Each structure stands twice: as structure tokens, then as C-alpha cells.
Amino acid sequence: MFDFEKVRMALLVIVLSILTEVGQAADNLGVLGSHPRWDVLEQYQETISHDDFARLIQNVYCTHGFASDLIVISDDSARILKNRESQSFFTLRFAKNEPGHIPRLWHPAKSLPPLKKDKPLEGLRIALDPGHLGGKWAKMEERWFQVGDTKPVTEGDLTLRVSRMLALRLRELGAKVLFVRNSTQPITPRRPGDFKELAKKILIKNGVPSPRAEVLDPNDPMKEQTVHWQSEMLFYRYSEIRRRAVLVNTKLHPDLVLCLHFNAEGWGDPENPTLIDNNHLHLLVNGSYLQDELELDDERFEMIRRLLSRAYDEELPLADAVGQAMAKETKLPAFQYPTTLTTTKVGSTGYVCARNLLATRIYRCPVVYCEPYVMNSQDGFARIQAGDYEGMRNVNGTERKSIFREYADSVTEGLVDYYRAARK
Ligand SMILES: [Zn+2]
């Protein structure tokens, strides 16, 4: 991820609702969203207490408030709006005494067999999701910059490299490791050309009555209003992440997904990027839905399903443990979001924020999303250019491990800390 505010703006342009005619009522869905299957939530009846439900809504998922008809919490149940036009609702009954068994396909640490001393991750299925695509897609994804004639920095290739190193470490500790992506090829069979019509429709709905087809050049200030740019984003972000979710949810069935990214701040012209002093670390878990997001029928449904699966109870302490281990090893300070409009600080370490990202929302298991290192910081850039090496080396004035090994080692340490404590 990078340049939060800019990406945020681009998303707001297209996340505004798309109305699809289904039966009599119009579903109000997000971009490439699926129709909510509210009947699936019947299996969660009487599995959560009033207090747990209210606490998760207030402190984690709906920290920015919501329209009063969306969720109405009473003593013994919650009434959730399915669709405003048809005025249909889902009623969730709270547990009266001991909450019932929570239906889910993943295993919380506490349910795994007791710890084996040298294999603290045994019995655990971990899926690694290297962020973005890299390779020939890096420029399209805007995850590419180059300083002079040095090697271009492409986030999708860096995350894949870290994931492969991490897989070796986690397997040694007993985990079953699965890759959501293990090449620079997309998981989605779609390509930008498949989304031209949809891109045009979205732009028109968002107040660009006759969108331009092509981008003039990479620095074109109006590029986000072109069919070309929007259809590329529909491909590499929405379609790709939704296909990854299908893989995670129907084939991989992990107990945990680690989304691995490198951070960045606005670098301007990718061929003449700005390097900055700031370097930092943070991790994300799902939550902190915006009011506009909660208006979408599919996002509201996905939030409630996630809440009821109690993924947060697992992913928050995990993210805290990984954050702490990464901070210790990388010595990076915690990232402070410039505004609290999109995120909410959670957990006890200061490194973890809740945010409603597509991957953290729709992978149906605990998800820890790592955002260490600013790629266009002086230090991050020097370390990426230094590449991988054994042992310690002086880079940018300090003796340190290769950035890739430091990333993989510290995530591993955090996982071991968490599972050792939780599986006692
Ligand atoms: Zn990223």
C-alpha cells in the first residue's frame, strides 16, 4: 500500500454504490461485490452475547458511526438491515446463557493440540499473501519506481521474495504453508480489457459524464478519470483480490492469512521519485468501517459475518505479537496515520490499526496485514538496493541483516511468541 490519502480518494471515486437489479429490490453492492447470503448467518444464532456484540460494533467495526436504521441492538437481539429499498432485515438472537459453538472453518490457537517444544507451529495452516503482482504488472499497479539507473523498486516482487523466505522458516517450525500467489502472474483470469464497460459506467455514475478513454502519460493529473486507469484498477485490485479470496475461502482453508506488503509514501514521478527520511511500521486488522462502506449491503453483511466468526479475537493478539517482534528487530517507529478518518488504533502495542481493506474483510479467517518499511525512505531504499545477503553488513551507515531476512525473521518470531503463549 502507499500514499494513503491518494489511494483513498481514488477508492471513494468508485466505491460509491452501484445498483444492480435483482428481483424487485435493488441490491446496493460495492465494486464487483457478491450478493449477500444472509441465510448463512442463521448458523450464528445464539452464539454471541449482547455485550460482546455491542463491544465489537462500538470499539472495532463501526468506530465512525452509522445510519440509525442499519443496526439496532436491543437486549435480546440485533436487527440488521439487509436492504433499505425492500425494508428487509436480519434478526440475530443473542446467547442467553453460555454462547453456543461458533461455526467456522479455521482453528483458533486454543483449539490446536498442545505445543511441541521444537515445533510451535505444528498443526497450523498459514496462507501467505504477497501483496500486489510485481513483474510486468508493477508499473500498471503503480508499485514501481526507479532512481537514476538503479534497479527499479517493485513492491510485488519484494513481497514475493519475503514470502518465500518466510515459508521456509514457518515450515521448519511445523506449519503447513500455502501460497495465495507464488509467481508474478495474477490469480484472476480477467484482464483490464474485460472491465472497460464497467469502468465507464462507474465513472459516469460518479459525475464524469463522458470519460476519456486513455491516460496521456504517467503524470497525467486527470488519469483517474479515464476508462483505461479505472479498468486497470478493476483488474489488479478488485478482480484480483476477489479471486484470491475465492482461493483462500474455498481451497486453502487456512487458520491464518498473512498479507505481506512494503509501505511507501507519495513518491511523485516514478522515474524521478522523491526519497524521504520517514520510515515506519504498522499492521492492520479488519475493522473501522466508514459510514459509506456500511451503506453497501455486501460490506455490511461481510462485516457482520466476520464479527460473528470472532476472527478479531484471534487476529488482534496475533497482530500485536507480530508487531512487537517486528518493532524489536527493525527498530522502526509506529506509523501514525495523518487523520483518524479511515483507521482506528486497536490493541496494546501501538503498532496495530483496524481498517476495512478488501483482503482483510473477505478472507474468511484471521488476517494480519503487515506494512513495514517505507520503500522510498532513504534507509528503506538503500536496504532494498543492497539486496539479500547472509549475516550482517553496513548499509546506509548501520550494521544490519538484509531487509528481506529481517522481515521474514521478525514475522516468524512474532508468530512463535503468540502460539507458544496461546498453546500452553
Ligand atoms: Zn502494498
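Residues: numbered from 1 along the sequence shown. Just so it is clear, the structure is predicted and the values come from calculations on it, not from any experiment.
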Lys200 atom NZ, over 12 foreign heavy atoms within 6.0 Å
no

Can you tell me how far CG of Leu332 sits from OH of Tyr351, rounded to the nearest 0.5 angstrom?
8.5 Å

Report yes or no: does Thr250 contribute a side-chain atom to a donor-acceptor pair with the main-chain N or O of Val246 at less than 3.5 Å?
yes

If I compare all heavy atoms of Arg310 with all of Ile48, which pair ends up nearest, and what's the gap?
NH2-CB, 3.5 Å

Okay, side chain of Arg125, backbone of His253: is any donor-acceptor separation there less than 3.5 Å?
yes

Only counting residues at least two apart or in another chain, list the ones meeting side chain to side chain donor-acceptor pair (under 3.5 Å) with Ser348.
Asp320

Counting only heavy atoms not in Met222, do more than 12 sit closer than 6.0 Å to its CE atom?
no

Does the gap between the ring centers of His64 and Tyr289 come in under 6.0 Å?
no

Taking the six-membered ring of Phe235 (Phe, Tyr or Trp), confirm whether the NZ or CZ of Arg190 is under 6.0 Å from its centre and within 45° of its axis.
no

Any side-chain heavy-atom pair from Gln185 and Lys136 closer than 4.5 angstrom?
yes

Judged by atom type as modelled, is there a donor-acceptor pair below 3.5 Å linking the side chain of Arg181 to the main-chain atoms of Gly131?
yes

Judged by modelled atom types alone, do Arg164 and Asn182 share a side-chain donor-acceptor pair under 3.5 Å?
yes

Between Phe145 and Asp269, is there a side-chain heavy-atom distance shorter than 4.5 Å?
no

Is the centre of the Tyr236 ring less than 6.0 Å from the centre of the Trp137 ring?
no

Would you call Val367 and Leu357 a side-chain contact if the rule is heavy atoms closer than 4.5 Å?
no

Is a donor on one side and an acceptor on the other found under 3.5 Å between the side chain of Ser288 and the backbone of Thr342?
yes

Hits for side chain to side chain donor-acceptor pair (under 3.5 Å) against Asp194, two or more places apart or cross-chain, chain-then-number order -> none

With sequence neighbours left out, the residues meeting side chain to side chain donor-acceptor pair (under 3.5 Å) with Lys116 are Glu122

Taking NZ, NE, NH1 and NH2 as the nitrogens, is one of them in Arg393 or Glu399 under 4.0 Å from a carboxylate oxygen of the other?
no

Are Tyr337 and His282, when compared by the centres of their aromatic rings, separated by less than 6.0 Å?
yes

Counting distance only, does the side-chain N/O of Asp297 pair as donor-acceptor with the main-chain N or O of Asn28 below 3.5 Å?
yes

Minimum side-chain heavy-atom gap Val147-Phe381 below 4.5 Å:
yes

With a cut-off of 6.0 Å (strictly less than), are more than 12 heavy atoms of other residues, nucleotides or ligands near NZ of Lys328?
no

